[in-house]
Number of protein chains: 2
Amino acid sequence: MKTPKAVNKRVRILEAAAKVIAEKGYAAATMAEIGEAAGTFAGSLYYYFPSKDALVEALLNIGTTTVSEPVIASVAALPSQTGAYQKIKTALDKHVARMLEEDAFILAYWRLIDQVPSDMRERHRKHPRAYGDFWRGLMREGQAEGVLRSELDPNLAQLFLLGTTIYALDWYSPGGKLNPQAISDSLADMFFGGIASRDIELNRLAPQAKVNHRRKSGRPASDAMR
Amino acid sequence: MKTPKAVNKRVRILEAAAKVIAEKGYAAATMAEIGEAAGTFAGSLYYYFPSKDALVEALLNIGTTTVSEPVIASVAALPSQTGAYQKIKTALDKHVARMLEEDAFILAYWRLIDQVPSDMRERHRKHPRAYGDFWRGLMREGQAEGVLRSELDPNLAQLFLLGTTIYALDWYSPGGKLNPQAISDSLADMFFGGIASRDIELNRLAPQAKVNHRRKSGRPASDAMR
DNA sequence: GTCTATACTTTGATAGAC
DNA sequence: GTCTATCAAAGTATAGAC
């Protein structure tokens, strides 16, 4: 039970921590520096969080939901008869927009997730898994409607797309020539249509490379992999 | 000038450090633990490396070259008349194989690169940039030969592909149903051919989404972005 | 609720014996 | 070249005044 003021202060501390971690990484972010960024002192942080680890774990949960929630909401807001292609494009636009928005929570998340103690990472795993489920569902919808190739593994397709947007955090620079919408459009273009010339028959180019070899096997691969 | 034995020991320390960092992350990897993994003690490490930062910087450089060198070599070993498609597929196979080989240097690299002091990251930047140049060159070759869509940004195409393989480090599990070669084949399949059904005309599905809107603008976008 | 002071611990790094 | 002992710094966390 916290007073409203205390809740606000808690949020300010989380924002400050995200900012410091986004800039310097996990190891270099000290409680003293986080306190300073929040306009207070290291000792005072312990009134709101029992430990640095607890603060970090709260950051992890914010980091995932701050992307997944608006993305899922954007799709839910579409008219009920909307086709899978439009849903996927809508989700991708929102996803890329959020990822490249320079939100400190998102940057902090990807600097933390591979550095935190393994038990914390384990506890957190349900969040990205649920988001992956959402994307796998979209891919399956597309396959059911016939707009996506039915022989593809929906899980791999989803990993393929999201992997690129995560890496984009590393190379995207806000001042550059490409804005998030242009990046989202280009990625969707390549993702749906491929990078090969449309009039080229790939397996005639290099039959020994076994391109499309999976197209022959009737059933799509399982999605047990995470 | 080091004796052969000293060189070997240096390598053993680097391997031990990579292993510990790959498992626990940057912050949790102490000199004592690295020393123990190398069969020696924290103090002894300073005979080979002047500081922990120096050790880490050496790891970064190994991390990139351990992927880029075999990939570039695999393409260089192809017959001179080999087409761009075959070159790209060869490079991708080797790249994915190396990335998913569970090499501690590679895992350690991706756990370090966003955590090290910014001046070290800046010094290191030339390595991934050179590797990116290699891939951009392959994309341009493909466009020149007409196998890749000429209106695509070669830089974005390369980031698209490599981003996915980096993320794969997070989700790939060695015991699973997909081995690196199967993953490489599937990624190449999606990357070249796209995930959309071949017989679907995308811009008729959702014209308002402006899919392929970049195809109309004659010139490919610049690749100034890194 | 917040601050100051400080206890306790860990860790990077050095000194010097061998 | 390697080990032991140890220093000095930094950082998490707590105690207690206000």
Side-chain angles (χ1 to χ4, degrees), chain A residues 1-60 108 111-112 115-121, chain B residues 1-60 108 111-112 115-121:
Chain A
M1 214 64 80
K2 298 280 199 311
T3 72
K5 186 179 177 187
V7 171
N8 287 338
K9 183 88 191 205
R10 199 187 130 98
V11 171
R12 269 174 45 208
I13 291 171
L14 285 165
E15 288 171 341
K19 184 163 170 285
V20 173
I21 291 170
E23 282 171 6
K24 306 201 163 190
Y26 181 43
T30 67
M31 293 299 267
E33 199 166 356
I34 292 169
E36 191 184 348
T40 182
F41 298 86
S44 306
L45 301 180
Y46 289 85
Y47 179 77
Y48 295 93
F49 299 94
S51 68
K52 188 186 180 184
D53 270 6
L55 204 177
V56 161
E57 191 157 358
L59 283 180
L60 285 188
R111 292 207 159 182
L112 285 174
Q115 309 286 330
V116 297
S118 54
D119 56 325
M120 190 191 297
R121 193 163 53 247
Chain B
M1 214 64 82
K2 298 279 201 309
T3 72
K5 185 179 177 188
V7 170
N8 287 338
K9 182 88 190 208
R10 198 187 130 99
V11 170
R12 268 175 45 209
I13 292 170
L14 285 164
E15 287 170 341
K19 184 163 171 285
V20 173
I21 292 170
E23 281 171 6
K24 305 201 165 187
Y26 181 43
T30 67
M31 293 299 266
E33 198 166 356
I34 292 168
E36 192 185 347
T40 182
F41 299 86
S44 307
L45 302 180
Y46 290 85
Y47 179 77
Y48 296 93
F49 298 93
S51 69
K52 188 186 181 185
D53 271 5
L55 204 176
V56 161
E57 191 157 359
L59 283 180
L60 285 188
R111 292 207 160 183
L112 285 173
Q115 309 285 330
V116 297
S118 53
D119 56 325
M120 190 191 298
R121 192 162 54 246

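These figures come from a predicted structure and were not determined experimentally. Keep in mind that the numbers below use all heavy atoms, side chains included, and drop hydrogens, waters and symmetry copies. Lettering follows sequence order; numbering is per chain, from 1.
- One interatomic measurement links the two molecules: NZ of Lys52(B) to C1' of dT11(C), which rounds to 8 Å at whole-angstrom precision.
- Residues Leu14(A) and Tyr48(A) fail the side-chain proximity criterion, which asks for heavy atoms closer than 4.5 Å.
- Atom OH in Tyr46(B) sits about 9 Å away from atom C1' in dT14(C), given to the nearest Å.
- Considering only side-chain N and O atoms, Tyr47(A) lies nowhere under 4.0 angstrom from the phosphate OP1 or OP2 of dT2(C).
- Ranking dC3(C), dT14(C), dT12(D) by closeness to the Thr40(A) side chain, first place goes to dC3(C).
- With sequence neighbours excluded, the residues that form a side-chain contact (heavy atoms from CB on, under 4.5 Å) with Thr40(B) are Lys9(B), Ala38(B), Ser44(B), Leu45(B).
- Side-chain N/O atoms of Tyr48(B) include one lying less than 4.0 angstrom from OP1 or OP2 on dT2(D).
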Give me, pair by pair, the N or O atoms of the protein and of nucleotides 4-9 of chain D that are less than 3.5 Å apart, along with how far apart they are.
none

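- With sequence neighbours excluded, the residues forming a side-chain hydrogen bond (donor to acceptor under 3.5 Å, both in side chains) with Glu33(B) are Lys24(B), listed by chain and number.
- Nearest heavy atom pair, residue Phe49(A) against residue Leu55(A), reads CD2-CA, 3.8 Å.
- The side-chain contact (heavy atoms from CB on, under 4.5 Å) check on Tyr46(B) picks up Met31(B), with sequence neighbours excluded.
- Annotation: side-chain hydrogen bond (donor to acceptor under 3.5 Å, both in side chains) contacts of Glu57(B) (sequence neighbours excluded): Arg123(B).
- Enclosure of atom NZ in Lys52(B) by more than 12 non-hydrogen atoms of other residues, nucleotides or ligands within 6.0 angstrom is indicated.
- Residues of residues 23-37 of chain B having a heavy atom closer than 4.0 Å to DNA chain C, listed by number: Ala29(B), Thr30(B), Met31(B).
- Atom-to-atom, CZ of Arg12(B) to C1' of dT2(D) comes out at 12 Å; the value is rounded to the nearest Å.
- If you measure from atom CG of Leu45(B) to atom P of dT14(C), you get 13 Å, rounded to the nearest angstrom.
- Between the CG atom of Asp53(A) and the C1' atom of dA13(D) there is a distance of 12 Å, rounded to whole Å.
- For the atom pair Met120(A) CE and Leu60(A) CG, the distance stands at 6.5 Å (nearest 0.5 Å).
- Put simply, CD on Glu15(B) and CZ on Arg10(B) are 12.0 Å apart, with the number rounded to the nearest 0.5 Å.
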